[in-house]
Amino acid sequence: MQKITDSLSPWWGTFNFELDQSKLWRLGPLTMILRCLSGEWQVSYERIEQYEDSDISVSDTDSIPEDLPELTRYVFRNPCRSLKITPLLADRPVISRPRIPFNLSAGEEITLYVSSPLWIELSAGNNAKKLGELSIQRPSDTWFGPSTLQGELCYATTTHCRINLVEIPERRYRAITPVIIRNNADTTLSLERLNLPSPQLSIYTSDDGRLWTSTVKLTREKDGDMAALRVIHKPPKEAPEAIILSQPRVASEAGVFIRAFNAVFS
Amino acid sequence: MMTELWTQIASFLTSDRLLSVIRAFMLFSLGFLIAKLVSATVVKIVQNKVDKHRNMLLRRGTFYLIILLFTISALKELGFDLSVLLGAAGIFSVAIGFASQTSASNLISGLFLVAERPFSVGDVIRVGSTTGEVLAIDLLSVKLRTYDNLYVRLPNESLIKSEVTTLTRFPIRRIDIQVGVAYKEDLKKVREILYAVADKNPLSLEEPKPAYIFQGFGESSLNIQFSVWAKRENFLNLKNSIHEEIKNAFDENGIEIPFPYRTLYSGSVTEPFPVKQVKPTPTNRNQAL
């Protein structure tokens with residue numbers, strides 16, 4: 001099994017295949033095999049529970065997609081030999097729950113780093129026709145809203161909510177989102193849950209191969225869980241030279257208030 | 001005598017009475033013709049828009065209505081007093097009113113149902129033991145399609161009077177899982193296992209949190225209710241997958257879901273019943289004989 005990349009080279013980008021060739025992706029919990037056949041692409045994958053964060057590799061393989069459980073075939077009239085892999089963010093907002101809830105006093109501002117789960121988009125051909133997408137980790141569904149009658153379906157993850165960049169572990173299969181929270185209200189904000197509008201963020205890649213997203217700024221103007229949301233569509237200041245890899249799924253509007261903290265359920 | 005008869009006939013023929021009889025007869029025949037013409041025309045106009053029954057109803061309806069009108073005016077010509085007829089019609093309509101009580105009630109209930117809007121076309125409702133998707137909310141009844149593809153007609157009156165559950169009103173739904181574990185099990189461990197199963201299943205919502213409710217000390221088991229939430233569309237998928245996962249998790253951890261137990265007891269303090277295994281005696285029919 002010849003390794004094409006080591007853990008510092010990207011697992012995304014355009015990959016050229018020979019006819020009947022298979023390549024294997026190991027991205028933390030996800031194992032994916034792609035095979036180029038005459039007139040079709042075969043994609044199969046498997047998610048495992050025991051994995052290491054450093055298990056990131058792309059290699060040629062003798063295994064075939066039938067070796068893994070979930071198999072899909074994409075058929076084409078004009079076959080092509082190159083496949084493009086793009087990382088994407090979640091298609092729903094992601095609710096991050098800090099491992100240890102913390103408090104932000106009135107008038108304070110803090111920048112947190114939250115890691116976001118990633119999706120993989122596969123596209124083939126010269127005009128990059130989208131074949132499909134799959135998630136590296138299938139996050140749990142959750143409901144975020146004021147009650148069981150209203151709200152929206154989101155994904156749930158837990159986060160360490162790190163304040164120092166150096167503490168963030170190396171996880172190439174997730175992207176880092178800088179979140180600036182400003183508490184302009186008179187009361188302390190007790191943060192138990194953070195609503196990240198993932199579909200509105202872009203993905204950037206920095207020189208060291210890390211994946212970043214657009215910066216999210218949440219300003220809490222008055223008591224309660226609502227905050228003014230602003231998405232900064234530029235590379236984050238922690239990696240100003242980063243280049244954009246993928247566009248947001250939905251356009252973000254300026255001056256929108258969202259329920260950003262703590263869903264209340266009776 | 002013949003002369004008298006002729007005189008009578010002659011006087012009758014020249015009287016006003018005859019003219020009115022002729023007028024009445026002409027009115028009647030004219031009415032008949034007009035009724036036939038109008039009903040045919042009406043049918044031609046709406047031919048493609050209504051079905052056969054309505055077609056026939058419309059044709060007969062207009063025909064008899066027009067004939068009735070002309071008959072009434074013909075009778076009036078002949079000198080009949082119509083107030084008697086009106087009295088009879090009044091009594092007739094009261095009788096109709098009593099007979100159509102339920103239909104009127106259904107009609108009014110239908111109007112209230114539309115105004116209140118507890119459900120609309122496309123929702124799934126449960127009335128009594130019937131569950132189905134609402135196909136139409138009509139004047140007198142609501143039509144459902146059950147899950148096994150049968151057509152059910154529910155009178156509006158019964159919907160106003162009884163309890164109607166709309167299953168598709170809210171976006172998320174809770175599944176209550178009743179599970180019993182043997183008395184020997186550690187409840188804390190069972191609780192942890194159940195929460196872990198819900199956590200692992202991606203369809204089970206993280207918020208609202210799954211609820212662990214101890215129901216009681218049952219006859220043969222400790223009865224626990226474990227409730228998980230799911231998006232309404234995923235309800236059936238989650239229901240099936242989580243029961244399976246709970247069973248597997250219990251098997252892996254050696255947690256017993258007991259069969260009903262019965263303890264045999266023959267006094268205040270019973271010694272264990274001795275059970276001795278005896279070799280079966282060979283049955284040799286020839287020997288017995």
Side-chain angles (χ1 to χ4, degrees), chain A residues 29-30 45-51 69-70 90-99 101 114 116-119 133-159 191-196 198 225 259-266, chain B residues 116-120 123-125 164-177 192-213 225-246 248-249 252-253:
Chain A
L30 181 75
Y45 65 92
E46 184 184 45
R47 290 193 193 96
I48 53 175
E49 284 170 31
Q50 308 293 335
Y51 59 91
E70 308 280 339
D91 51 346
R92 297 180 211 151
V94 174
I95 310 299
S96 284
R97 201 154 37 90
R99 294 251 159 94
V114 176
S116 303
L118 287 176
W119 264 245
E133 60 178 62
L134 58 127
S135 59
I136 295 181
Q137 292 160 299
R138 166 69 166 99
S140 184
D141 286 352
T142 189
W143 188 250
F144 192 75
S147 72
T148 56
L149 275 63
Q150 308 168 296
E152 59 176 335
L153 194 68
C154 303
Y155 289 117
T157 110
T158 54
T159 176
L191 199 76
E192 286 171 41
R193 247 159 237 92
L194 192 58
N195 177 6
L196 286 179
S198 294
D225 299 324
R259 178 174 299 275
F261 321 107
N262 314 329
V264 178
F265 288 108
S266 54
Chain B
E116 203 183 290
R117 224 179 313 181
F119 53 83
S120 39
D123 277 331
V124 175
I125 62 172
V164 173
T165 314
T166 310
L167 301 174
T168 47
R169 180 61 161 242
F170 299 134
I172 56 178
R173 204 175 148 184
R174 193 176 88 166
I175 301 168
D176 295 329
I177 302 159
E192 276 166 17
I193 293 172
L194 288 173
Y195 275 119
V197 167
D199 201 34
K200 204 164 141 202
N201 190 319
L203 293 179
S204 137
L205 299 180
E206 230 184 74
E207 296 253 283
K209 290 199 175 60
Y212 170 94
I213 303 165
Q225 177 179 307
F226 189 59
S227 303
V228 290
W229 288 84
K231 188 140 203 301
R232 196 184 64 230
E233 289 82 5
N234 294 332
F235 181 76
L236 206 60
N237 264 339
L238 180 62
K239 193 169 175 184
N240 288 330
S241 62
I242 203 143
H243 278 97
E244 202 179 297
E245 284 160 21
I246 289 178
N248 289 339
E252 267 168 41
N253 286 285

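For the numbers below, each heavy atom of this structure counts, side chains included, while hydrogens, waters and symmetry mates do not. Every chain is numbered from 1, with letters handed out A, B, ... down the list of sequences.
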Quick one: pull up [atom1] in [X] and [atom2] in [Y] and give me the separation to the nearest 0.5 Å.
| X | Y | atom1 | atom2 | result |
| --- | --- | --- | --- | --- |
| Leu205(B) | Ser140(A) | CG | OG | 7.0 Å |
| Thr158(A) | Glu206(B) | OG1 | CD | 7.5 Å |
| Lys231(B) | Trp143(A) | NZ | CH2 | 6.5 Å |
| Arg173(B) | Thr148(A) | CZ | OG1 | 13.0 Å |

Got more than 12 heavy atoms from elsewhere within 6.0 Å of [atom1], [X]?
| X | atom1 | answer |
| --- | --- | --- |
| Arg117(B) | CZ | no |
| Glu46(A) | CD | yes |
| Arg232(B) | CZ | yes |

Next on the checklist: Tell me whether Arg97(A) is salt-bridged to Glu207(B), with the criterion being a basic N under 4.0 Å from an acidic carboxylate O.
Outcome noted: no

Item to check | Among Asn234(B), Asn201(B), Leu238(B), Ile172(B), side-chain contact (heavy atoms from CB on, under 4.5 Å) partner for Asp141(A) | outcome: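 Among the candidates, only Asn234(B) passes.
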
Item to check | Region of Leu149(A) that comes under 4.5 Å of a non-hydrogen atom in chain B | outcome: both

Next on the checklist: Given heavy-atom pairs under 4.5 angstrom as the criterion, report whether the side chain, backbone, both or neither of Glu49(A) touches chain B.
Outcome noted: side chain

Item to check | Side-chain touch Leu203(B)/Arg138(A), heavy atoms, less than 4.5 angstrom | outcome: yes

Next on the checklist: For Pro202(B) versus Pro139(A), what's the shortest heavy-atom pair and its separation?
Outcome noted: CB-O, 4.2 Å

